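Worksheet for the structure shown next.
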Amino acid sequence: MKNYLEKIFNEAAQRLSYLSDIKINFDIPKIESHGDFSCNAAMMLTKKLKKNPRQIAEEIISNLKYDEDIIQKIEIAGPGFINFFFTPSFIAKVIKSILEQKENYGRVDKYKGKKANVEFVSANPTGPLTVGHGRNAVIGDTVANMLESIGYEVDREYYFNNAGRQMRVLGDSVKQRYLQLLGDKIDFPEDYYQGEYIKDIAKLFFDEHGDKLKEEKPEGKFKERAEQEIFNDIKRSLKLLGIEFNTFYNENTLFEEGKIEALLNAFKEKNLSYEKNKAVWLKFIELGGEQDKVIVKSTGEPTYRLPDIAYHITKFDRGYDLMVDVFGSDHVASYPDVLAGLKALDYDVNKIKVIIYQFVTILENGEVVKMSTRKANYVTLDELVDEVGIDVVRYFFIMRNTSSHMNFDLTLAKKQSDENPVFYLQYAHARICSIIRTVSGENIIASTRHLDLLVKEEEQQLLKKLNKYEEEILYASENFEPHRICSYLEELAAAFHKFYTFCRILGSKKKLADARLALAEATKTVLQNGLGILGVTAPERM
RNA sequence: GCCCCGGUAGCUCAGUAGGAUAGAGCAACGGUUUCCUAAACCGUAGGUCGGAGGUUCGAAUCCUCUCCGGGGUACCA
């Protein structure tokens, strides 16, 4: 519908040159009587043309050439809005496209041939995934789905680090627990990993090796096995949510392949780094930052910035047109450094999109649960999935804007899971399936031959929502805003439930029943496609 | 101190590609099942969009200041 308006405006602009000077916007008015679309062009031109906006509107309208089978009427309203009303039969045409394209409806090839990399989760293997990681995981996977739906070929990537102090502590945590199992009286250090899973891993060593590993170094078998066990656990948790990665990128690769060294040299050559107090500093001030920062510590160990930059360079080298990073808000301060470093080396940082999501606050019994993997104070993602199910978890984490803080009352979620909006959507789908089952014995066939009979208020409302789908998906995807899809689907489901209540299929005349069934099936397809992008199931029965 | 995010109905949050009378879900209250699933639908009530200025035909949306909450500000990642 919007496309058609754009078309006739472009055509009119050949006669009214001032139309090309402004960006023409078409909005869907909140109020029904204001039409299907509304345009504010006349008001935007008042200053320029020094004329009354209503006069301008009239001039614009008289220059629009349109098909009366498509547009029913055009009105000037309020201060100078131009309101467009489409014909019911044009609005109903969307059913045809939906039924023809089925699961491909809403997919566009705008970015066909482009490659995207979405990096997310990227938790180091020091413990089970928590609810906090869950938000990251679901956002990343959904964004990946959205990008695929607009044509990108997407790689899902997990970046991790299995060197460093964290991992040494992990290995030693396991060893200490192992020694305890052997009967040694040990005060387990407070700043070690306190979780039960450490004891489980220690038990594996005890069962398999008895006391033979007393002299084994913590960073040897203990660390390796812990990493392996924990990683398996992480992968299993993610798979449970339907999330799988193409690539696990080990930070260590960057060192092994000399990429860190090469990067250091590149900075040096460009005269962007210098030595001070035995450390290497990068000239961030020169790059527009607030202060210079250390990239190699006086101990010779690089700080996280160096591998992060080198890592992104590998993504550029691998030929991605778009690189998405999904970070928690605790990383806000670090990514500008990475981008500045890349920019200094002439990489096009516009290809990088950083999604920062705000933290999830978990409330249990009215109290805030402070998360810490180290202190073993957390609610795991698995526990959450156990409590409320996969669909609710996935939906819950994307139904809100990523930039919005999220409160999650566990107690409430367990109790009131029936009232979660995801069921509202799923129920709409199940209801349609039920209709199709019921109607299958009757002489009713989903047919697009008499769509012009769909003129009732509820039918038209539902049709208008269906007409919005393609645009919504594209907008949400291009702007990396998965929650918009949720809002849209809730509106669609609401429009369907109203249609269901007021427009019966059984008992209507054959032609109308056929058209209504076609409308119901089209709705089913769109619900299915939308839920599919969210990774939420569309059940046939509930 | 400085930087990022948020502050919208009792609660959780949409709306921030400037638009017409600010929305949804839950909670509260009242109604709707001889009829394709009542996990639904209809109605009532509930708001100084944190506060103050400004920009303009028009501001929840943009700018400035300010208050409150979260996160960050390392030779931690």
Side-chain angles (χ1 to χ4, degrees), chain A residues 23 25-27 29-31 33-34 38-40 43-44 46-47 52-53 77-81 83 122-124 126 160-161 164-166 251 276-281 290-291 293-305 307-308 328-336 356-359 361 396 399-409 412 416 418-428 430-440 442 444 458 475 478-479 483-484 486-487 490-491 493-494 496-508 513 516-517 520 541-542:
Chain A
K23 197 182 164 241
N25 260 328
F26 299 103
D27 286 324
K30 286 173 212 155
I31 296 162
S33 61
H34 292 159
S38 142
C39 176
N40 62 354
M43 276 126 71
M44 314 231 332
T46 44
K47 208 174 259 179
N52 180 316
F81 290 102
N83 295 337
S122 297
N124 287 336
T126 59
F160 71 101
N161 168 358
R165 202 181 55 87
Q166 266 185 4
E251 181 184 314
K276 191 178 90 184
N277 303 335
K278 288 188 177 170
V280 182
W281 297 67
E290 300 224 324
Q291 54 189 355
K293 304 231 170 113
V294 171
I295 49 175
V296 182
K297 298 186 231 175
S298 52
T299 59
E301 237 180 319
T303 63
Y304 66 92
R305 294 183 188 95
D308 275 8
S329 64
D330 53 339
H331 282 73
V332 258
S334 64
Y335 81 88
I356 298 285
Y357 64 93
Q358 297 298 316
F359 281 146
T361 305
F396 185 86
M399 65 190 276
R400 305 300 184 207
N401 195 326
T402 53
S403 72
S404 188
H405 295 95
M406 206 162 76
N407 284 331
F408 191 8
D409 191 324
L412 211 72
Q416 305 196 336
D418 276 7
E419 285 151 12
N420 194 297
V422 69
F423 294 122
Y424 186 76
L425 308 188
Q426 293 182 317
Y427 184 55
R431 261 187 158 174
I432 300 173
C433 293
S434 168
I435 293 175
I436 294 169
R437 281 193 299 269
T438 310
V439 147
S440 67
E442 315 283 328
I444 300 171
E458 291 79 14
Y475 186 85
E478 284 184 325
N479 291 284
H483 73 283
R484 281 179 177 274
C486 298
S487 310
E490 285 171 33
E491 285 173 20
F496 172 77
H497 284 307
K498 281 178 197 175
F499 163 79
Y500 179 90
T501 306
F502 294 105
C503 306
R504 316 291 299 179
I505 291 174
L506 282 179
S508 296
R516 283 182 174 170
L517 186 60
R541 292 172 204 267
M542 283 176 75

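Note that the structure is predicted; figures quoted are calculated from it, not measured. Hydrogens, waters and symmetry mates are skipped; everything else that's a heavy atom, side chains included, is used. Naming: A, B, ... by sequence-line order, numbering from 1 per chain.
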Subject >> Side-chain donor/acceptor of A:Asp27 to backbone N/O of A:Ser38, under 3.5 Å >> reply: no
Subject >> Nucleotide forming a Watson-Crick or wobble pair with B:G6, both distances under 3.5 Å >> reply: B:C68
**OP:** Can you check whether any acceptor in the base of B:A20 is under 3.5 Å from a donor in the side chain of A:Asn83, or vice versa?
**Re:** yes
**OP:** Could you check how far CG of A:Asn401 sits from C1' of B:G70, rounded to whole Å?
**Re:** 15 Å
**OP:** Write down the distance separating the C1' atoms in B:A9 and B:A60, rounded off to the nearest Å.
**Re:** 14 Å
**OP:** Starting from C1' on B:A40, measure out to CD on A:Glu458 and report it in whole angstrom.
**Re:** 14 Å
Original post:
Are A:Ser403 and A:Asn401 linked by a side-chain donor-acceptor pair shorter than 3.5 Å?
Top reply: yes
Original post:
When the distance from CZ of A:Phe502 to C1' of B:C42 is rounded to whole Å, what number comes out?
Top reply: 6 Å
Which protein N or O atoms sit under 3.5 Å from an N or O of nucleotides 21-24 of chain B?
none

Original post:
So do A:Lys297 and A:Ile295 actually touch side chain to side chain, heavy atoms under 4.5 Å?
Top reply: no
Original post:
Could you state the CD-P distance from A:Gln426 to B:A40, rounded to the nearest angstrom?
Top reply: 12 Å
Original post:
Is there ring stacking between A:Phe359 and B:G71, where the centres must be under 5.5 angstrom apart and the planes under 30 degrees?
Top reply: no
Original post:
Given B:A20, B:G71, B:C57, which nucleotide is nearest the side-chain atoms of A:Ala77?
Top reply: B:A20
Original post:
Which listed nucleotide (B:A14, B:G70, B:C42) is nearest to the side chain of A:Lys498?
Top reply: B:C42
Original post:
Would you say A:Thr501's side chain and A:His497's backbone share a donor-acceptor pair under 3.5 angstrom?
Top reply: yes
**OP:** Write down the distance between NE2 (A:His497) and C1' (B:C42), rounded to a whole number of angstrom.
**Re:** 15 Å
Original post:
Tell me, do A:Met406 and A:Tyr357 make a side-chain contact under 4.5 Å, heavy atoms counted?
Top reply: no
Original post:
Taking the C1' atom of each, how far is B:G51 from B:U8, in whole Å?
Top reply: 14 Å
Original post:
Rounded to whole angstroms, how far apart are CD1 on A:Ile432 and P on B:A40?
Top reply: 15 Å
Original post:
Given B:C41, is OP1 or OP2 found less than 4.0 Å from the side-chain N or O atoms of A:Tyr424?
Top reply: yes
Subject >> Base partner of B:A24, which must satisfy Watson-Crick or wobble distances under 3.5 Å >> reply: B:U12
Original post:
Roughly how many Å is it from NE2 in A:His405 to P in B:C4, rounded to a whole number?
Top reply: 14 Å
Original post:
Between B:C35, B:C5, B:G19, which one does the side chain of A:Gln358 approach most closely?
Top reply: B:C5
Subject >> A:Tyr500 side-chain N/O to B:A38 phosphate OP1/OP2 under 4.0 Å >> reply: yes
Subject >> Inter-nucleotide P distance (B:G15, B:U61), Å rounded >> reply: 15 Å
Subject >> C1' atoms of B:A59 and B:A27, separation to the nearest Å >> reply: 31 Å
**OP:** Starting at CD of A:Glu442, measure out to CD1 of A:Ile505 and round the result to the nearest 0.5 Å.
**Re:** 11.0 Å
Original post:
Does B:G6 have OP1 or OP2 sitting under 4.0 Å from an N or O in the side chain of A:Ser403?
Top reply: yes
Using a cut-off of under 3.5 Å, enumerate the N/O to N/O pairs linking the protein to nucleotides 73-77 of chain B.
{"from": "B:C75", "atom 1": "O2", "to": "A:Ser298", "atom 2": "N", "distance (Å)": "2.8"}
{"from": "B:C75", "atom 1": "O2", "to": "A:Ser298", "atom 2": "OG", "distance (Å)": "2.9"}
{"from": "B:C76", "atom 1": "OP2", "to": "A:Lys297", "atom 2": "NZ", "distance (Å)": "2.4"}
{"from": "B:A77", "atom 1": "OP2", "to": "A:Tyr304", "atom 2": "N", "distance (Å)": "3.2"}

Original post:
Mind checking the C1' distance from B:U32 to B:A38? Whole angstroms is fine.
Top reply: 9 Å
